[in-house]
Amino acid sequence: MSRLSILFAASEMAPWVKTGGLGDVAAALPAALAKAQQDIRVLLPCYPALRAAFPAAKEVALLPALAPLLPPARLLAADADGLPLLLVDCPQLYDRPGNPYVDTHGRDWTDNGLRFGLLSRVAALLGQSHSPLDWRPDVVHANDWQTALAPAFLHYEGGAASVLTVHNVSFPGCFDPHLLHGLGLPDRAWRFDGVEYHGNLCFLKAGLQLAPLISTVSPTYAREIQDKHFGYGLAPLLHYRADALRGILNGIDDAIWNPATDPALEAPYAANRLASKRQNKAALQAQLGLAVRDDVPLFGVISRLTHQKGVDLLHPLGKAITHLPAQLVVLGSGEKELEAGFRELAEPHPDAVSVTVGFNETLAHRIEAGADIFVMPSRFEPCGLNQMYSLAYGTPPVVRATGGLADTVVDVNEATLLDKTANGFVFHHPSSHDLWIAMERAARAWKDRRTWLRIQQNGMRNDFSWRHAAGEYLQLYRDAVAARG
Ligand code: ADP
């Protein structure tokens, strides 16, 4: 099949600028596509972290003011371990400390409409015949609201095919209507089936309306966001565009999340060498001051402590867990009340409950390896990574059936044990009661060592590689190019 040229436009990219899942995808997916011999470049704003990481970035174009409110900018080219980056250099908009979206008080930068309007504008320009570069993409891949105006510009002005991926539909990017002219959009774009949304210029809505094909990060989330409980105000539009909407599950980086090679672990292990997983449990218990014992299951949680993640459903179960008996280890940070609540949970039971408030990558790896059962009771979960890490680490997860959790975890029952798909424990209703029933089921199954081994091995043999996801994105790009004719 012919090689495609792809411009991947994003507002963050790990490890340099990352606030969430988009940052990971922007690093891993383009790398996987490059490995699959595709001609891909990643377009990003030149934040201070990127300027520092790529001091040798070369100017490849001068961009004049592209619209009445957009300042002139430069386009820089850099090389990230063989992956070409294009950086929009506009210090007036991007040379700011910290987070890409909010100031030090956590408030949105007031000129975010211009900052990401410029990024979207440049992404579209590079896909058009008057691009300042010789390199021309067949397809522009926009991601989340920050680049979602690119498909709108391409729709109204012509140019490359485009696709838009939504990583989290709860951030729409809505701005004052004067930006329509300010960003150079035509008057005719101001329609309910254009870029207008409740009297505002809405970036995400514009992209969802006008990109020829759209995707999100799991098949179940693709269905859920067509429902008003998940899709916020955009559910009717997403439902209307259902034929153009696909769900493509994110992958995990198996160079970093692999129990056979993970340097953070006490003892490496694999699906056919699971015995040494036990040493990781003992080491974790000792490290955290829990009783070192293998006759009770150890539940693990690594999570942002927020309502979305459903950890408030777990909190009331603390006592019941110790009575089961079982142990619980929690690593997370987020809402202050939840942080305090979990801390209090640990105090009376230091030998059975450990709570670490904070962000700790090494401990996260050690929990994935040392816990017996992972717990992820999310209310919604576009894709989710931790359940996939848990499956890869032989730590069967207890999850709520939502988004990517529903697409990756297969509930243990007679039929799924027989067909070798059983890899975890699924509950449906978001309540402590239903979570508890699933956790008890998991604890009982854990006691039956032969069945447990089968469940662990089923999960460890799942393929969540980016190679697989990259193939699906490539098909999406080909379909977008074909639809353009
Ligand atoms: P989300 O992106 O919604 O927070 P995911 O499960 O998709 O949830 O990804 C969370 C990522 O962040 C995982 O890599 C997880 O291990 C990591 N993580 C979350 N909280 C912590 C923490 N307190 N310490 C270390 N890693 C964490």
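All values below come from the heavy atoms of this structure, side chains included, with hydrogens, waters and symmetry mates left out. Counting convention: from 1, in listed order, for ligands and their atoms alike.
- Among protein heavy atoms, the minimum distance from atom 4 (O) of ligand 1 is reached at Arg304 NE, 2.8 Å.
- Using a 4.0 Å cut-off between charged side-chain N and carboxylate O, Asp312 and Arg379 make a salt bridge.
- Among all non-hydrogen protein atoms, the one lying nearest atom 5 (P) of ligand 1 is Leu385 N, 3.5 Å.
- With a 4.0 Å cut-off on non-hydrogen atoms, Ser303 touches ligand 1 through its backbone and not its side chain.
- With 3.5 Å as the limit, one finds no donor-acceptor pair spanning the side chains of Ser378 and Gln308.
- Under the 30°/60° scheme for interplanar angles, the aromatic rings of Phe380 and Tyr221 are found to lie parallel.
- Here's the thing with Ile302: none of its N/O atoms is less than 3.5 angstrom from an N/O atom of ligand 1.
- With hydrogens and angles left out, the side-chain atoms of Thr165 and Ser215 include a donor and acceptor closer than 3.5 Å.
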Determine, stepwise, if the pair Thr395 / Tyr389 fulfils side chain to side chain donor-acceptor pair (under 3.5 Å).
CA-CA 9 Å; Thr395 309; Tyr389 300 153; over 6 Å; no
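- Between Trp257 and His365, the ring planes lie parallel to each other; the angle is under 30°, not in the 30° to 60° tilted range.
- Of the candidates Asn360, Leu305, Thr356, Val330, Asn360 brings a heavy atom nearest to atom 24 (N) of ligand 1.
- Protein heavy atom at the shortest distance from atom 14 (O) of ligand 1 is Tyr389 CE1, 3.3 Å.
- Under a 4.0 Å criterion applied to the non-hydrogen atoms of Met376, ligand 1 contributes the atoms 6 (O).
- Between Glu12 and Thr19, the side chains place a donor N or O and an acceptor N or O closer than 3.5 Å (distance only, hydrogens not considered).
- Heavy atoms of Gly20 stay at 4.0 angstrom or farther from ligand 1.
- Taking every heavy atom of Asn386 and a limit of under 4.0 angstrom, the matching atoms of ligand 1 come to 6 (O), 10 (C), 13 (C), 15 (C), 16 (O).
- At a 3.5 angstrom cut-off on N or O pairs, Glu361 does not count as close to ligand 1.
- Each of Lys277, Lys447, Lys281 was compared with Asp294 under the salt bridge (charged side-chain N to carboxylate O under 4.0 Å, His left out) criterion, and only Lys281 meets it.
- Distance from atom 21 (C) of ligand 1 to its nearest protein heavy atom, with residue and atom name: Phe359 CE1, 3.4 Å.
- Taking atom 2 (O) of ligand 1 as the reference point, the nearest protein heavy-atom neighbour is Gly21 N, 4.2 Å.
- Listed by number with element, the atoms of ligand 1 under 4.0 angstrom from any heavy atom of Lys309 are 1 (P), 3 (O), 4 (O), 8 (O).
- Judged purely by distance below 3.5 Å, without hydrogens or angles, the side chains of Arg223 and Thr220 pair a donor atom with an acceptor atom.
- Here the heavy atom of the protein found nearest to atom 23 (N) of ligand 1 is Gly358 O, 2.7 Å.
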